[in-house]
Structure formats: structure tokens, C-alpha cells
Undergrad: 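The structure that follows is given in the form of C-alpha cells.
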Amino acid sequence: MFAKLASTLLVASAFVAGTIAKPVPASRDILPRGGPSFSFNHWGGLSSFDNFDNFYGVDNFDSSVHFSQTVETTQTLVCHTQAVEIIQQRLLVLQEMAKRIITEQICEVETQTVVFEQFHASLGLFRNDLHRTSGHSVGFDSSIASHFGSICNTDGSLTTSDLGFSGTDCGAHTVVVGGSNWNDATSPASVSSASGAANVAISSLH
């Protein structure tokens, strides 16, 4: 159960400091409908960007443009409320694992920065799901979540094997967890209020 929750939220609010020593020129590629776009394949001449666009595709940097969702009906899950500090502990573990993956498996700070921004933006889309404004079901991809145990080897080191999926596969095996208190009449306002309170708390610190 933790593996599924963990991979669904995959390190909410991870903040990684990506420092760029020198500006690296972006490589412009393709002019799609609506204006210019950027390809990150071999961006700035850095080999660590090779095949970057293969994951979500060009013009789909955070997976928001091209996303399809298929809800699985073979699995039935119901949420079970835990103490909030238990949830916060697990999300902090995921946050620090994200930092570890980015800093240990990428050496170029430019690539660290772009990968983090992609991750942060993609995860941020879940906010719209929670608000029920995205048009997507609120759930997680069980197939991708099942790889959670494949992130580390038995000795604790990070694995390097190809897990066999791309970003465009996300959503194809969506499991919707039942049992929430969502109410179509009252929850849009209460969720908006909760989000606003969280944003005030964040802004008060910066």
C-alpha cells in the first residue's frame, strides 16, 4: 500500500537547489502551432540531455499536453486515514530520495536543474486533479507505482536499469481510491480554502 501511495505522490514539494555556474544557450527546435518550442535533446551540447524528449515527447515537457488516462476497474482500494505525521514522514522520505536521485545520478548542474523543474511541474499537475478541475480522475498509475521497490538495490545503492516505461505510459493503469469525503456541492469551496491557507503559509515564509 505504501509503495502505491509513495509512487503516486512521488516526493511532493521536493526543493532542490540547482545552481548554474554559466548560462548555457538553449537549442531551439521545431516551431509548432502557437509559437516556438524548445527541444532539450542534447541541450547546450551536454550529452546528459541526450534523448531527453523521448520521455514525455517534444512540446510535452511536464506531461500536461499529451496525457491519456484509463481507469482500472479490476482493483478496488479505499483510503484509510493515518495520523498526518505518518504521511508527512513518508513524503519526506520520498522528497529526499528525489534529491538523491537527481544529485547522485546526474553530474551536470544544468541537467539537474531541468530534470527537477520537469519533475516539480509534472507533480504539480496533481493539484488540479485534487481540485477536480483537470478533468482527470484522482488516482495513481498502479503499473508505474509497482516499480517503487526497483529504485534501490538490496545494498541501498540506486539501481541503473531501464524500468521499461516512459512518461507517456503514465495514466494507462489508473487506480482511483475510494472513500474520500469529496462532495460536489461543498468540496470545491473547501478545497480551494485549504489550498489558499497552504499558499498563505508558504508565502509567509518567503
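All of these numbers come straight from a predicted model, not from anything done at the bench.
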Undergrad: Determine the minimum heavy-atom distance between F165 and F55, stating which atoms define it.
TA: O-CE1, 4.0 Å

Undergrad: Does a donor on one side chain and an acceptor on the other come within less than 3.5 Å for Q69 and H136?
TA: no

Undergrad: Are side-chain heavy atoms of N54 and S166 found at a separation under 4.5 Å?
TA: no

Undergrad: Do T168 and F67 pass the side-chain contact (heavy atoms from CB on, under 4.5 Å) test, and can you show the C-alpha distance, the side-chain angles, and the key distance before you say yes or no?
TA: CA-CA 7 Å; T168 53; F67 177 79; over 6 Å; no

Undergrad: Does atom CZ of R127 have more than 12 heavy-atom neighbours, drawn from other residues, nucleotides or ligands, at distances under 6.0 Å?
TA: no

Undergrad: Should T174 and T70 count as side-chain neighbours, where that means a heavy-atom distance under 4.5 Å?
TA: no

Undergrad: Is it the case that the side chain of H80 and the backbone of V78 share a donor-acceptor pair, with hydrogens and angles ignored and the cut-off at 3.5 Å?
TA: yes

Undergrad: Restricting to side-chain hydrogen bond (donor to acceptor under 3.5 Å, both in side chains), what partner residues turn up for E85, sequence neighbours left out?
TA: none

Undergrad: Kindly indicate whether the side chain of Q112, heavy atoms from C-beta on, has any atom under 4.5 Å from the side chain of V109.
TA: yes

Undergrad: In Å and rounded to the nearest 0.5 Å, what is the OG to CG distance from S134 to L125?
TA: 8.5 Å

Undergrad: So does D50 get a backbone contact from the side chain of N41, meaning a donor-acceptor N/O pair under 3.5 Å?
TA: no

Undergrad: For the residue pair F52 and H42, is the inter-centroid distance of their aromatic rings smaller than 6.0 Å?
TA: no

Undergrad: First locate atom CG of L123, then atom OG of S63, and finally report the distance between them rounded to the nearest 0.5 Å.
TA: 10.0 Å

Undergrad: Heavy-atom distance under 4.5 Å between the side chains of S39 and F49, does that happen here?
TA: no

Undergrad: Check whether any side-chain heavy atom of S142 sits under 4.5 Å from a side-chain heavy atom of Q75, and report yes or no.
TA: yes

Undergrad: Please give me the minimum heavy-atom distance between T159 and C152, naming the atom from each residue.
TA: CG2-C, 3.6 Å

Undergrad: State, with a plain yes or no, whether a side-chain heavy atom of V176 is found less than 4.5 Å away from one of V138.
TA: no

Undergrad: Under 3.5 Å, which donor-acceptor pairs do the side chains of residues 199-206 form with other protein atoms, sequence neighbours left out?
TA:
unit_1: N199; atom_1: ND2; unit_2: S195; atom_2: O; d: 3.2
unit_1: S203; atom_1: OG; unit_2: N199; atom_2: O; d: 3.1
unit_1: S203; atom_1: OG; unit_2: V200; atom_2: O; d: 3.0
unit_1: S204; atom_1: OG; unit_2: V200; atom_2: O; d: 3.4
unit_1: S204; atom_1: OG; unit_2: A201; atom_2: O; d: 2.8

Undergrad: Can you tell me how far apart CZ (R90) and CD1 (I87) are? Round to the nearest 0.5 Å.
TA: 7.0 Å

Undergrad: I need the I106 CD1 to L46 CG distance, nearest 0.5 Å.
TA: 11.5 Å

Undergrad: Let's go through I151 and M97 carefully: what are the C-alpha distance in whole Å and the side-chain angles of both, what is the deciding distance for side-chain contact (heavy atoms from CB on, under 4.5 Å) to 0.1 Å, and is it a yes or a no?
TA: CA-CA 9 Å; I151 294 175; M97 277 300 296; 3.8 Å; yes

Undergrad: Identify the heavy atoms of D62 and A121 that sit nearest to each other, and give their distance.
TA: CB-CB, 3.7 Å

Undergrad: Less than 4.5 Å apart, side chain to side chain, heavy atoms only: is that true for F40 and V58?
TA: no

Undergrad: List the steps, then state whether side-chain contact (heavy atoms from CB on, under 4.5 Å) holds for E117 with V114.
TA: CA-CA 5 Å; E117 293 298 342; V114 173; 5.7 Å; no

Undergrad: Of N153, T154, T160, which is the lone residue that meets side chain to side chain donor-acceptor pair (under 3.5 Å) with S157?
TA: N153

Undergrad: To check you understand the geometry: which heavy-atom pair defines the closest contact between L158 and Q105, and what is its length?
TA: CB-NE2, 3.4 Å

Undergrad: Can you list the steps and then say if Y56 with Q118 is a side-chain contact (heavy atoms from CB on, under 4.5 Å)?
TA: CA-CA 10 Å; Y56 286 123; Q118 181 182 55; 3.2 Å; yes

Undergrad: Could you pull out the closest heavy-atom pair between V71 and S137, with the gap in Å?
TA: CG2-OG, 3.6 Å

Undergrad: Kindly say whether S143 contributes a backbone atom to a donor-acceptor pair with the side chain of S146 at under 3.5 angstrom?
TA: yes

Undergrad: What's the separation between atom CZ in F116 and atom OG1 in T111, rounded to the nearest 0.5 Å?
TA: 15.0 Å

Undergrad: Same cluster or not: L163 versus I144, using hydrophobic residues (I, L, V, M, F, W, Y) connected whenever any side-chain heavy atoms lie under 4.5 Å apart?
TA: yes

Undergrad: If you measure from OG1 on T74 to NE2 on H173, what distance do you get to the nearest 0.5 Å?
TA: 10.0 Å

Undergrad: Can you give me the closest heavy-atom contact between L130 and V191, atom names plus distance?
TA: O-CG1, 4.2 Å

